[in-house]
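Heads up: the structure comes next, in structure tokens.
So that the names make sense, note that chain A is the first sequence line, chain B the second, and so on, each numbered from 1.
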Amino acid sequence: MSEKLPFQYEEKPASLLISRRTFLKITGVLTSVLAIGAYTVTDFVKKRNKYIKMRQKGLYKDDLRCQRNNLPASHLNPTVEKFYRDFAEHPLSETAHHLLHTHHYYVRGKLNMKGERHG
Amino acid sequence: MDKVLKFSVTEKIFHNVNAVSWYVLAITGIIVYFNLAGSETKNFLMQIHIWAGVVFTFNFLAFIFLAPHRFYILMKNLLEWDKDTFAWFKNLGGYPRRFFKINIGPEEVAPQGKFNAGQKLTYLFFIFMIIALIVTGWFLYFAKHSMGKGLFLMFFYLHVWGSIITTLIATFGHIPLSIANKEDLLAMWRIGPGTVSLKWAKHHNPKWFQNDVIMRPLQNCRDQYGKHNCKGSVPIFRNEK
Amino acid sequence: MGVQKIATFSPSEKTFTGGGTFLPGEVKGIIRINPNKCVGCDTCRHHCPAGAIKGSLGVTHHIEEDLCLSCGQCLVNCPFGAIEQMSFLDEVLSRLKDPDYTVVAIIAPAVRVALAEEFGAPPGTLTVHRMHAAFKKAGFRIYENNLAADQTIMEEGYEFIAKVKYWLLGDKTPELEKFAEHPLPHFTSCCPAWIRYAELYWPDILPHISGAKSPQQMAGATVKTWVALRLWNIDPRKIYTVGIMPCTAKIYEASRPEFKSAFYWLKEKGHLPEDTPPFPDVDAVLTTRDAAELFRCLNINPLNVSPEKETDITEVYTGGATIFGNSGGVTEAALRTAYCVLSGQEPSSWNIEAVRGHTTGVRTAKLAIPLKPLGGKKANFHICVVNGVKNHLEPILEDVVIGKSPFHFIEVMNCPGGCINGGGQPVNPMGTSWIDPLLPLPLKA
Ligand code: HEM
Ligand code: SF4
Ligand code: SF4
Ligand code: SF4
């Protein structure tokens, strides 16, 4: 016993500890966890604008309904025709100028100078 | 005298950087989330939180990509469950008896591997949470405005409550137990080799010691000038009980 | 799917005082962040087209009123529902109860595909006749904002054609003289958040913007003149017009002091007694959410009322008008009419896919339209549709300012997707207005 060599115990190298099966098992567990996570995230991200698209589709549906009723474009609206015939004469007329056009855009920076220009 | 190397340098670096940055993150995060400071301070703490997050993330990535073999060994130790591992739950490793005088299950603790069943569960959860917090954290930072409110809220609450629960487990489970196991604590935290005594390893981790550990004479490692040079050393496989 | 609950608050003394970038009488502070609910996640700041939100990660955010466009995009995108909207619902409810008044609903296109969400239907559920019936049941008369959108196309379309004649075809006849000050490209004017954005940050662009009012303002002025005097025979002073809008900026638009044109016109024509105090064209604006709240107060579920069989003359509208609510819709509607007027014939298909914004930030198209006055010679029109001010508009305005813009006609909608995603719409709890890629990383973060 007196001749005992100094030595240290340590883990076997990875090549001996990790068999092919163990390697596949660990890799499998890790990839499945990551894949499930990644799938959930992409799924949510893909649907993030879905409500916008659905509402847009709703309006295009209304458009087609109007087209079927022979009301595809503004100048074909009978009420608009009546409005000009009875009242405003024609687009850009005097009346239209008064009621349907604006004559005021303000340079708001000059109302007060506090607002810095955004850029 | 004889030592068993339990934690390699890479594991020690990973673990200790992870633990320190964890608590920096937890404390700054909790102060900001629960509004425990004024907005100036919160702004500053949040900056610290982000930079600690950078350290935390790169520490984990470095462990995985620079020492994949150590990561795989760790995962193997955590994922391999035999009937002795399950038997550990019968008396919860004898800890209730030792600390609280609660007598449950048999006196004898079933022989465990490198980690006992409780550690396996905890560490698997920790590693899962580390990944989850890294992913959610960076999403919350870079894609909060673009990923949609539903996903954002899921990530947000996973990040906040996941981290709080994990911190509670670490603070009231993991740390006290690690302090109670002095040799493991020293192996993990001392500046120097991550070794425990032969007796300790045989007592606490008999299966690991039996199956996964080899003996390497240190003398062979020294060349004629007395310097470490292990190239020529031949591992000696143990087969005694 | 459900919708997110958005808190509202009533206007206060300070609301109408003006000051800063607001004129007296203009509603300010329509959108505000509730400091008790804000967790400082910083999402809203990334959605604000005007840089009006201040605050850093983790810190309670606030809105600088003077910089704010009232567009409500921050509100739509706050994951915590921490942003609130000023509501005039109480005022409208009390007017509905007052038998002296005829309360007129001016219902925007985008409302009909979103209102149902507040009552549990999926997004995009189209309600037209049911919605009309519900408003009538609640005591409103209806002037379709879509009808006003048709008027807008007539006015703005002819204005654009006049600009084209003056600037491209070199027609300098005296009646076109006034367009000398209004060069191309022509910008649309129906989005009040965009108008305020230009007024605040890009005054150089103002001469390019169409002088046609937005449909809401055209509707208000028309109801209090033509409809009141010629169709319904009621005293314009006893009409209370309510814009039912997908939009929080419309609340602000209606309060702009210049929009009292019906009053001045009626006065000039001697329809009003001398002492009548000025009244606005549009008296109040309810958002789609407010309208849903109104129906809930009155115990009406628009999904359950039996639909109207007959369409009043003030409810007639065209397909061109109803797509105003979608990004690219104003452009498409204008092109449909412009094509017919310029070429003297109908297009083979009314659908112009090339200018539909969908969820693309900027769409550009080159369209050849045969010109009847030039014997069918085709002219190319360069069209640009800006789908959301944030991230998309600035480079286009820069080109216009330095005179390098290739476009003749530019549509700008502040809200990504168009008004169907406006700040007054039911808030979808899952989605986002962000139509750009998830990353590239926001470098200014
Ligand atoms: C600062 C306080 C901490 C102390 C004193 C501490 C102590 C220890 C000790 C002594 C071990 C070895 C246990 C054994 O195998 O016998 C260990 C392992 C481990 N700890 Fe901690 N720990 C701390 C914080 C954390 C935190 C915050 C986490 C992560 C959430 C963590 C995750 C782990 C993991 C995953 C292992 C197994 C790692 C391996 O063996 O490579 N620790 N810890
Ligand atoms: S998005 Fe909402 S919670 Fe987040 S910072 Fe803005 S207001 Fe606060
Ligand atoms: S309402 Fe619009 S402009 Fe105002 S702070 Fe919100 S996003 Fe910005
Ligand atoms: S795009 Fe429509 S909803 Fe949005 S601010 Fe402009 S007008 Fe309002």
Which one wins on heavy-atom pair count under 4.5 Å against chain C: [options]?
options: Lys57(A), Arg65(A), His97(A), His90(A); result: Arg65(A)
options: Gly58(A), Ala73(A), Ser74(A); result: Ser74(A)
options: Leu64(A), Ile52(A), Leu99(A), Asn70(A); result: Leu99(A)

Looking at [options], which one has more heavy-atom pairs under 4.5 Å with chain A than the rest?
options: Glu117(C), Met154(C), Glu155(C); answer: Glu155(C)
options: Thr125(C), Thr432(C), Ile153(C); answer: Thr432(C)
options: Ile209(C), Leu147(C), Asn146(C); answer: Leu147(C)
options: Ile323(C), Ile313(C), Asp150(C), Leu229(C); answer: Asp150(C)
options: Glu346(C), Gln151(C), Arg112(C); answer: Gln151(C)

Side-chain ion pair, Asp281(C) and Lys213(C), N-O less than 4.0 Å: yes
Taking only Lys NZ, Arg NE, NH1 and NH2, and the carboxylate oxygens of Asp or Glu, determine whether Arg336(C) and Asp63(A) approach each other closer than 4.0 Å. yes
Atom group of [X] that falls short of 4.5 Å from chain C, counting heavy atoms:
X: Lys53(A); value: side chain
X: Asp86(A); value: both
X: Gln56(A); value: both
X: Val45(A); value: side chain

Using a cut-off of 6.0 Å, state whether more than 12 heavy atoms not belonging to Lys267(C) lie near its atom NZ. yes
Mark yes or no: Arg356(C) above the aromatic ring of Tyr60(A), with NZ or CZ under 6.0 Å from the six-membered ring centre and no more than 45 degrees from the axis. yes
Is the terminal nitrogen or CZ of Arg196(C) (NZ for Lys, CZ for Arg) located under 6.0 angstrom from the six-membered ring centre of Phe22(C) and within 45° of that ring's axis? yes
In terms of heavy-atom proximity below 4.5 Å to chain A, should [X] be classed as side chain, backbone, both, or neither?
X: Ile195(C); value: side chain
X: Phe259(C); value: side chain
X: Leu335(C); value: neither
X: Pro257(C); value: side chain
X: Val128(C); value: side chain
X: Glu175(C); value: neither
X: Pro246(C); value: neither
X: Ser214(C); value: neither

Would you check if the side chain of Thr79(A) reaches a backbone N or O of Thr314(C) as a donor-acceptor pair within less than 3.5 Å? no
I'd like to know if the side chain of Arg55(A) reaches the main chain of Val113(C), judged simply by a donor and an acceptor atom lying under 3.5 Å from each other, with no hydrogens or angles considered. no
Using the benzene-type ring in the case of Trp, are the ring centres of Trp265(C) and Phe87(A) under 6.0 Å apart? yes
Parallel, tilted or perpendicular: rings of Trp226(C) and Phe83(A) (30°, 60°): perpendicular
Aromatic ring pairing His104(A)/Tyr106(A), orientation class (parallel under 30°, perpendicular over 60°, tilted between): parallel
Minimum heavy-atom distance between Thr127(C) and Ala116(C), given as atom pair plus value: CG2-CB, 4.2 Å
Ignoring hydrogens and angles, state whether a donor on the side chain of Thr102(A) or Gln217(C) is under 3.5 Å from an acceptor on the partner side chain. no
